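Owing to the predicted nature of the structure, the values given are computational and were not obtained by experimental measurement.
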Amino acid sequence: MKPIQPTPFERPLRRFRTGVLLGMSVLLLGFWRLQVIQHSYYLGLADLNRVQVVRLHPPRGVIVDRHQQVLADTGVTSVLVWEPRRPQADPRRVFPELFQVLGWPETQRASLMPRVQRLSAYYPERLNWALNTVDIARFEFYRERFPDLVLQTRPSRSYPYGPITAHVLGYVGWIGPEDRAQPLYADYPGDAVVGKTGIERYYEPALRGEFGQAYYVVNSLHIPVQELKAHRRSPRPGNRLVLAVDLDLQRIAYEVLQDVSAAFVALDPRTGAVRAMVSTPSFDPNEFVPYIRPERWRDLLEDPARPLQNRVIQALYPPGSTFKVVMTVAGLLEGWTTPTQTVTCPGYARLYNHVFRCWKPTGHGTVDLHAAIVHSCDVYFYHLGARAPIDTIARYAAAFGYGVPTGIDLYFEKGGLVPTTFWKERVRGEPWYPGETVSVAIGQGPLLTTPLQQANVMAMIWNRGVQYQPYVVQAIESPDGRVVLRREPRVINRLRAPEAVWDFLHKAICEVVQAGTGRAGRDPNVPICGKTGTVELLSDPEKVPPELREKYKTHAWFVGWVDWPDDPMAFALIVEHSGHGGEVAAPRVREIFRRYGALRRPPPSASPPRSRSHAVLPMDGF
């Protein structure tokens, strides 16, 4: 029997059926792969299309003073974010309609349009426009007309005392490219607010908190319609900072100094805790929240009075006659002088073929070391400087903390300058001349210091040779009140000298206020001891044209301590281009502590903790 032969149509039909079966198999395999193997992947993509993830910014930590008064707080603000979601999104069409809905005046619209012109139709961007409650209500009512705009609520920083605490606290602002280059900000979103200066910057890791996330179901226009609360992760607030600063003293010092260019700092000599830090002129840190207008920023940068500079730690000045206390210690320990050694002051000293003049043209007559300090006799210290090698003076200056930063918990602190023979040869290519040492002996010449260093020198003398590292933050507390860190005092310098040396210095420095150049700082109710200083900016001021004399007028120093038994304070004040220290700086210090003493509160703790660490310098007395 012959096999059945396929008809001419059956062979192509078989091939077609085979192809269909193979195609169906491929399709079924693909469906299985999509539905089973890659189910999770495509489900995630689908969720991204219908669910919007919003990063929640944490409230920044609160900053309080030693008496728990709030210095920096966190509120809430609303900002608009341009997020183009439609191919036809055009900011030049969207925003004129938005301005009309919000009812903003024509002048305001005109000022904002250049910013609108720079927006991209493809990339999101934050708009730093302040919205009040009426603006927010109108936008919410017409939200569907603006699918490319998102209203976001953010924590907002506020500084209740504005310029009074500006240089201590610093300010915050939007994160910038210079911030992103640092590892600290690696995980920050592009719209984060970060500390820029002061405490806000130094303690950024403690203040920032932890970001949270919220998930919203969005409609076809990508407008959120429902939050998936089960998936919400709330942000964690930042830590609370407790400062050593006393707001009452800070405020009074600012009020007394706000009419001059000056720097004032007060600290506890027993611990290094900073009680006040004022630099004038100042600025209002609230202007930087959430951003500062470009024209205002330019004004601050170009202001010749330098309001952004924290003069307490960033400005350098010769110490003037306040350096005579260091020369006194060096002279007594090195044998260059004795308490009873006298010098006759006719108003000048002729040394190294040069005439060095005393600040008192008629002279002080015959003075011993005590009288030379009390009346700030330059001639006595000229002769002392003529017997002193500059490198030995530099060694004692370093022992008191000159020439290096104190290590305070603030960025951008300067260390000043203590000249040596090596320094001059390296920097100026010249040898050191003995006549230069004579100028350094009265705190002039290339010797430079900061007001903070000056206050710490006085703290070291009060503390009889022990110097603590200054600090602003005394405790960090978690949002639930747990103490994360408590600052312990840390000794940074220790100068061993006989008690008789410290007794001599204490008596002389207190006598300066009672009967010497600091009499204008005397107050019957405030136990002030101090040393005056005047910084000459020119060798011969009389030759300066009258129109330039204000510019080159002397700086006025007054440094010392207030010996309250329960809360002593070492202080330093410099008033720029103002006159003599005893005439200008001393009465302002008296006014600060007179007003503060009238409302002084008991210290929060009865006795400060003592340090267990110390650094001993090789100076063991006579």
*Hey, is CZ on Arg357 packed in by over 12 heavy atoms from elsewhere, all under 6.0 Å?*
no
*Calculate, to the nearest 0.5 Å, the distance between atoms CG and CZ belonging to Asp65 and Arg251 respectively.*
11.5 Å
*Measuring from Leu505:CG to Leu369:CG, what's the distance to the nearest 0.5 Å?*
8.0 Å
_Using side-chain heavy atoms (C-beta onward) and a distance below 4.5 Å, is Asp503 in contact with Arg464?_
yes
*Establish, from distance only, whether the side-chain atoms of Trp432 and Asp391 form a donor-acceptor pair under 3.5 Å.*
no
_Donor-acceptor pair, side chain of Asp378 and main chain of Trp359, under 3.5 angstrom_ = yes
*May I have the step-by-step check of salt bridge (Lys or Arg N to Asp or Glu O under 4.0 Å) for Arg588 and Asp259, ending in yes or no?*
CA-CA 12 Å; Arg588 288 182 185 259; Asp259 62 326; 3.1 Å; yes
*Whether Gln250 side chain and Met277 backbone form a donor-acceptor pair below 3.5 Å*: yes
*Glu576/Lys553 salt bridge by N-O under 4.0 Å criterion*: no
*Are the aromatic ring centres of Tyr380 and His364 under 6.0 angstrom apart?*
no
*Taking every non-hydrogen atom, the tightest pair across Gln454 and Ala572*: CB-CB, 3.8 Å
*Shortest non-hydrogen contact from Ile313 to Thr450?*
O-CG2, 3.8 Å
*Separation of Lys196 NZ from Tyr411 OH (nearest 0.5 Å)*: 13.5 Å
_Smallest separation among heavy atoms of Ala266 and Leu249, with atom names_ = CB-CD2, 4.0 Å
*asked:* Donor-acceptor check, side chain of Asn463 to backbone of Gly465, threshold 3.5 angstrom: yes or no?
replied: no
_Could you check, using the six-membered ring where one of them is a Trp, whether Tyr382 and Tyr348 have ring centers closer than 6.0 angstrom?_
no
*Look only at the side chain of Glu413 and the backbone of Thr406, and say whether a donor-acceptor pair between them is shorter than 3.5 Å.*
yes
*For Cys510, enumerate each residue passing the disulfide bond (SG atoms under 2.5 Å apart) test, keeping only those at least two apart in sequence or located in another chain.*
Cys529
*Do other residues, nucleotides or ligands put more than 12 heavy atoms under 6.0 Å from Phe422 CZ?*
no
*Strictly by modelled atom types, are Arg487 and Gln469 linked by a side-chain donor-acceptor pair under 3.5 Å?*
yes
*Judged by atom type as modelled, is there a donor-acceptor pair below 3.5 Å linking the side chain of Arg519 to the main-chain atoms of Gly516?*
yes
*So, do Asn456 and Ile492 sit near enough that their side-chain heavy atoms are less than 4.5 Å apart?*
yes
*Would Asp268 and Met569 count as a side-chain contact (heavy atoms from CB on, under 4.5 Å) if you check the C-alpha gap in whole Å, the side-chain angles of each, and the deciding distance to 0.1 Å?*
CA-CA 5 Å; Asp268 188 334; Met569 293 188 197; over 6 Å; no
*Side-chain (Ser279) to main-chain (Asn310) donor-acceptor, under 3.5 angstrom*: no
*Write down the atom of Gly521, the atom of Val513, and the distance for their closest heavy-atom approach.*
C-CG1, 3.9 Å
*Within the distance-only criterion (no hydrogens, no angle test), does the side chain of Trp557 pair as donor or acceptor with the backbone N or O of Pro318 below 3.5 angstrom?*
yes
_Looking at Thr338 and Gln341, would you say the former's side chain and the latter's main chain have a donor-acceptor pair under 3.5 Å?_
yes
_So, taking the atom named CG in Leu301 and the one named CZ in Arg306, what distance separates them when rounded to the nearest 0.5 Å?_
13.0 Å
*Inspect the surroundings of CZ in Arg486 and state if more than 12 heavy atoms from other residues, nucleotides or ligands are less than 6.0 Å away.*
no
_Which heavy atom of Ala455 sits nearest to which heavy atom of Val265, and what is that distance?_
CB-CG1, 3.7 Å
*Please lay out, stage by stage, how His354 and Phe356 fare under the test ring-ring contact (aromatic ring centres under 6.0 Å, His included).*
CA-CA 6 Å; His354 183 80; Phe356 295 88; 4.6 Å; yes
*For residues Leu169 and Ala72, report the shortest heavy-atom separation together with the two atoms involved.*
CD1-CB, 4.3 Å
*Report the distance from atom CD of Gln474 to atom CG of Leu485, rounding to the nearest 0.5 Å.*
11.0 Å
*Quick one: do the Thr342 and Thr366 side chains pair a donor with an acceptor below 3.5 Å?*
no
_As a quick check of understanding, evaluate side-chain contact (heavy atoms from CB on, under 4.5 Å) for Asp368 and Thr340, giving each step before the final call._
CA-CA 6 Å; Asp368 59 11; Thr340 58; 5.9 Å; no
*asked:* Whether Arg395 and Glu334 form a salt bridge (side-chain N of Lys/Arg under 4.0 Å from carboxylate O of Asp/Glu) is what I want to check.
replied: yes
_For a side-chain contact (heavy atoms from CB on, under 4.5 Å) check, start with the C-alpha distance between His580 and Thr532, then their side-chain angles and the critical distance, and finish with the verdict._
CA-CA 8 Å; His580 293 278; Thr532 60; over 6 Å; no
*Hey, does the side chain of Gln444 reach the backbone of Gly320 with a donor-acceptor pair shorter than 3.5 angstrom?*
no
*asked:* Quick one about Asp409 and Tyr203 (side-chain donor to acceptor, distance below 3.5 Å, no hydrogens or angles considered), yes or no?
replied: yes
*Nearest 0.5 Å, what's the CG-CD1 distance between Leu71 and Ile199?*
10.5 Å
*asked:* Test ring-ring contact (aromatic ring centres under 6.0 Å, His included) on Tyr402 and Phe323; report intermediate values, then the result.
replied: CA-CA 10 Å; Tyr402 287 109; Phe323 191 70; 5.6 Å; yes
_Evaluate Asp246 against Tyr596 for side-chain hydrogen bond (donor to acceptor under 3.5 Å, both in side chains), listing each step before the verdict._
CA-CA 10 Å; Asp246 189 310; Tyr596 175 70; 2.8 Å; yes
*Is Arg66 salt-bridged to Asp248, going by a charged N under 4.0 Å from an acidic O?*
no
*Would you please name every residue forming a salt bridge (charged side-chain N to carboxylate O under 4.0 Å, His left out) with Arg590, sequence neighbours left out?*
none
*Do Thr554 and Thr534 get their side chains close enough for a donor-acceptor pair, meaning under 3.5 Å?*
no
*Can you list the steps and then say if Ile461 with His506 is a side-chain contact (heavy atoms from CB on, under 4.5 Å)?*
CA-CA 8 Å; Ile461 295 172; His506 275 237; 4.1 Å; yes
*Give a yes-or-no answer on whether the side chains of Lys531 and Thr517 include a donor-acceptor pair shorter than 3.5 Å.*
no
*Mind checking salt bridge (charged side-chain N to carboxylate O under 4.0 Å, His left out) for Glu511 and listing every partner two or more places apart, or none if nothing turns up?*
none
*Looking only at atom types and distance, does a side-chain atom of Glu591 sit under 3.5 Å from a main-chain N or O of Pro587, one as donor and one as acceptor?*
no
*Examine Phe571 together with Phe558 and report whether their ring centres are nearer than 6.0 Å.*
yes
